[in-house]
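Since we're looking at a predicted model, the values are computed, not measured.
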Amino acid sequence: MAALAGTVLLAALLPATGRTARAAEVACDLAVGLLFFLYGARLSTRETLAGLRRARLHGLVLACTFVLFPLLGLATAVLTPAPLTAQLQTGVLFLCLVPSTVQSAAALTGAARGDVPAAICAGTYSSLAGLVLTPLLAAWLLGAQAALSADGLTRITLQLLAPFLLGQLLRPWIGGYLSRHKRLLTPVDRGSILLVVYTAFSAAVAQGMWSTITPGALLGLLAVLLALLAVALAFARLGAHLLGLDRGSAIAAVLCGSQKSLANGLPMATVLFGPEAGALVLPLMAYHQLQLIAGTFLTTHWSRAPDTEARPDGREALG
């Protein structure tokens, strides 16, 4: 969180311009490809296929991510009063199209004594579906701003799908090494994301983003994001209850179903929107911080709750 805030501040004070901006864009494209290559190389095909047995859990998470959230995003466009700017409103809608996260949801699920393998699989399926659904939904709901032209399809294929598939193909040879050296690769992951943030916000600063976003618009954005998070948490909680999920699976469903992936969303935004991505990813970055705060609060509550046996209908899944 501190690194993200510092990167935005750096872009505001020292934005990349001229040749530096072009070099940052090239480095950003390479970083996006590296991120998705590592995603593919780390993904265990066997574990992913084994997780398909939890159909109710994964169906709930996918419904939250790609049905509930897009509908909420469309509702905010109608119900949100000014002072939200057009760019922030578009950013909120894009946030609603991004897949769920894997790392933070799995970590919080483990801290809450939930089903970590279920959370990993649910987040993974959402990320895989997002490679296809997020660009398609963006083209449909955001219109010309994210139109899937032939050039756009080529960029998505070369920067997202091709590196991911290459990582999957090379996993038998490099997967073991990556699993044994996770700590060494963490700076690579985070550094790539910070580079994407710096490049996007540098372009936004050059376009005068901060002159158009007022304090009132930021407060309005915060209110909208808190409302989105509250509805998503409530829907996922209710869905887990109705589907009769046990306590561990219900925790995974609530966390995965309410969270959005910054690691996937930022690169996708740069591919889909190009120089316009800076202001559009501000809602995603803000929501990311809110989901971590809310997830930590819920995790603390669940971890302190006494262990109880879930009834067959799952109504005692969560305290």
### Message
If I compare all heavy atoms of Ala252 with all of Leu57, which pair ends up nearest, and what's the gap?
### Response
C-CD1, 4.5 Å

### Message
If we ignore hydrogens and angles and just use 3.5 Å, is the side chain of Thr199 paired with the main-chain N or O of Val196 as donor and acceptor?
### Response
no

### Query
Is the side chain of Lys260 donor-acceptor paired with the backbone N or O of Pro99 at a distance under 3.5 Å, no angle test?
no

### Message
Tell me the closest heavy-atom pair linking Leu255 and Ala105, and the distance in Å.
### Response
CD1-O, 4.1 Å

### Task
Using atom types as modelled and distance alone, determine if a side-chain donor or acceptor of Thr134 lies under 3.5 Å from a backbone N or O of Leu131.
no

### Query
Atom NE2 of His288 and atom CD1 of Ile293: how far apart are they, to the nearest 0.5 Å?
10.5 Å

### Hydrophobic cluster membership, Leu169 vs Ile174, 4.5 Å side-chain cutoff
no

May I have the list of side-chain donor-acceptor pairs in residues 219-234 shorter than 3.5 Å, sequence neighbours left out?
none

### Minimum heavy-atom distance between Pro163 and Gly33, given as atom pair plus value
CB-O, 3.2 Å

### Message
Suppose we screen for side chain to side chain contact (heavy atoms under 4.5 Å, CB included). Which residues come up paired with Leu93, at least two apart in sequence or across chains?
### Response
Leu74, Leu141, Leu142

### Message
To the nearest 0.5 Å, what is the distance between OG1 on Thr76 and CG on Leu95?
### Response
9.0 Å

### Query
From Tyr287 OH over to Leu292 CG, what is the distance, rounded to the nearest 0.5 angstrom?
10.5 Å

### Task
For Ser261 and Val98, work out which heavy atoms get closest and say how close.
O-CG1, 3.3 Å

### Task
Quick one: which residue pairs count as a salt bridge (charged side-chain N to carboxylate O under 4.0 Å, His left out) with a foot in residues 32-42, not counting sequence neighbours?
Arg42-Asp189

### Message
Nearest 0.5 Å, please: how far is CZ in Arg113 from OG1 in Thr299?
### Response
11.5 Å

### Task
For Gln259 and Thr101, indicate whether the former's side chain and the latter's backbone hold a donor-acceptor pair under 3.5 Å.
no

### Nonpolar side-chain network containing Leu71, other nodes, edges under 4.5 Å
Val67

### Query
Side-chain heavy atoms under 4.5 angstrom apart, residues restricted to Ile, Leu, Val, Met, Phe, Trp, Tyr: same cluster for Leu35 and Leu30?
no

### Task
Indicate the atoms forming the closest heavy-atom contact of Ala240 with Leu60, along with that distance.
N-CD2, 3.5 Å

Exercise answer: donor-acceptor pairs, residues 1-22 side-chain atoms, under 3.5 Å, sequence neighbours excluded:
unit_1: Thr7; atom_1: OG1; unit_2: Ala3; atom_2: O; d: 2.7
unit_1: Arg22; atom_1: NH1; unit_2: Glu25; atom_2: OE1; d: 3.3

### Task
Please list all pairs passing the side chain to side chain donor-acceptor pair (under 3.5 Å) test where one or both residues lie in residues 218-234, with sequence neighbours left out.
none

### Query
Between Leu282 and Phe201, does a side-chain contact (heavy atoms from CB on, under 4.5 Å) hold up when you go through it step by step?
CA-CA 9 Å; Leu282 186 59; Phe201 274 87; 4.0 Å; yes

### Task
First locate atom CG of Leu262, then atom CZ of Arg190, and finally report the distance between them rounded to the nearest 0.5 Å.
11.5 Å

### Query
Transitively linked via ILVMFWY side-chain contacts under 4.5 Å: Tyr198 with Leu194?
no

### Query
Stepwise, does the salt bridge (charged side-chain N to carboxylate O under 4.0 Å, His left out) test hold for Asp115 with Arg247?
CA-CA 8 Å; Asp115 193 333; Arg247 185 178 187 277; over 6 Å; no

### Query
If we ignore angles and hydrogens, is there a donor and acceptor under 3.5 Å between the side chains of Gln291 and Ser258?
no

### Query
Donor-acceptor pair, Ser249 side chain versus Asp246 backbone, under 3.5 Å?
no

### Task
Identify the heavy atoms of Phe235 and Cys64 that sit nearest to each other, and give their distance.
CD2-SG, 3.4 Å

## Note on the structure
Residues pairing under salt bridge (charged side-chain N to carboxylate O under 4.0 Å, His left out) where one sits in residues 119-128, two or more places apart or in two chains, turn out to be none

### Query
Phe94: what forms a ring-ring contact (aromatic ring centres under 6.0 Å, His included) with it, not counting sequence neighbours?
Phe273

### Query
How would you list all residue pairs meeting side chain to side chain donor-acceptor pair (under 3.5 Å) that involve residues 27-41, not counting sequence neighbours?
Asp29-Gln159

### Message
To the closest 0.5 Å, what do you measure between CG (Leu298) and CZ (Arg237)?
### Response
10.5 Å

### Message
Do Leu170 and Phe37 have side chains that approach each other closer than 4.5 Å (heavy atoms only, starting at C-beta)?
### Response
yes

### Listed once per pair and sorted, the ring pair (Phe, Tyr, Trp, His ring centres under 6.0 Å) pairs that draw on residues 7-33, sequence neighbours left out
none

### Query
Do Phe69 and Leu62 belong to the same hydrophobic cluster, where Ile, Leu, Val, Met, Phe, Trp and Tyr are linked whenever their side-chain heavy atoms lie under 4.5 Å apart, directly or via other members?
yes

### Task
Please assess Leu34 against Val188 for the test side-chain contact (heavy atoms from CB on, under 4.5 Å), listing each intermediate value before the final yes or no.
CA-CA 9 Å; Leu34 176 61; Val188 176; 3.5 Å; yes

### Query
Under the side chain to side chain contact (heavy atoms under 4.5 Å, CB included) test, which residues partner Ser100, sequence neighbours left out?
Thr65, Ser126, Cys256

### Under the side chain to side chain donor-acceptor pair (under 3.5 Å) test, residues paired with Ser127 that sit two or more places apart
Asn264

### Query
Checking Gln168 side chain against Phe164 main chain: does a donor-acceptor pair fall under 3.5 Å?
no

### side-chain contact (heavy atoms from CB on, under 4.5 Å) between Val254 and Trp302, intermediate numbers included
CA-CA 12 Å; Val254 171; Trp302 289 331; 3.9 Å; yes

### Task
Determine whether Val26 and Val197 fall in the same hydrophobic cluster, where Ile, Leu, Val, Met, Phe, Trp and Tyr are linked whenever their side-chain heavy atoms lie under 4.5 Å apart.
no

